[in-house]
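Everything numeric here is computed off the predicted structure, so don't read it as measured data.
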Amino acid sequence: MHKFNESQTTNQNLQQQAQLQAQVYDEDILRDRQIELGKIEECLQEVNDMMKYCAETVQEQGVVLDRIEDHVDDASENTSQAVLELNKAEEYQKKSHGNCKKIL
């Protein structure tokens, strides 16, 4: 009976060691998962920061494009006005030139 008790105690010790090893293994897996989740979180934060930067850049470029559009509109209007002024100057010059011939 003594050998039976020793055998039973040895089996219990082996089972406890196996359980401890399984627990350590599970803890290692959980720690590795936690590390990987931390890395994923960092990557997501980087993506979030990049998206914010892109949104800010698009906003800034929109303001610049609005200014460019305003300048183009102003240039177009000024060019149209300049054409009108040149036409008036041409008519005035033609009339003046004709008056100069009459004087001569």
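- For Asp26, there are no side-chain contact (heavy atoms from CB on, under 4.5 Å) partners at least two apart in sequence or on another chain.
- Residues passing the side chain to side chain donor-acceptor pair (under 3.5 Å) test with Arg31 are Asp28, sequence neighbours excluded.
- With sequence neighbours excluded, the residues forming a side-chain contact (heavy atoms from CB on, under 4.5 Å) with Gln23 are Leu20, Glu27, listed by chain and number.
- Cluster partners of Ile29, by chain and number: Tyr25. The rule joins Ile, Leu, Val, Met, Phe, Trp and Tyr whenever side-chain heavy atoms lie under 4.5 Å apart.
- Annotation: side-chain contact (heavy atoms from CB on, under 4.5 Å) contacts of Val47 (sequence neighbours excluded): Met50, Met51.
- Put simply, the side chain of Ile68 does not reach to within 4.5 Å of the side chain of His71, judged on heavy atoms.
- Taking CD1 of Ile40 as the reference point, atom CD1 of Ile35 lies at 12.5 Å (rounded to 0.5 Å).
- Applying the salt bridge (charged side-chain N to carboxylate O under 4.0 Å, His left out) test to Glu60 and every residue at least two apart in sequence or in another chain returns nothing.
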Which pairs of donor and acceptor atoms, one on a side chain in residues 72-90, lie under 3.5 Å apart (sequence neighbours left out)?
unit_1, atom_1, unit_2, atom_2, d
Asn78, ND2, Asp74, O, 3.3
Thr79, OG1, Ala75, O, 2.7
Ser80, OG, Ser76, O, 3.1
Gln81, NE2, Glu85, OE2, 3.3
Asn87, ND2, Val83, O, 3.4

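- Checked against side-chain contact (heavy atoms from CB on, under 4.5 Å), Asn48 has the following partners two or more places apart in sequence or in another chain: Gln45, Lys52.
- A salt bridge is absent between Glu42 and Lys39; no separation between the charged side-chain nitrogens and carboxylate oxygens falls under 4.0 Å.
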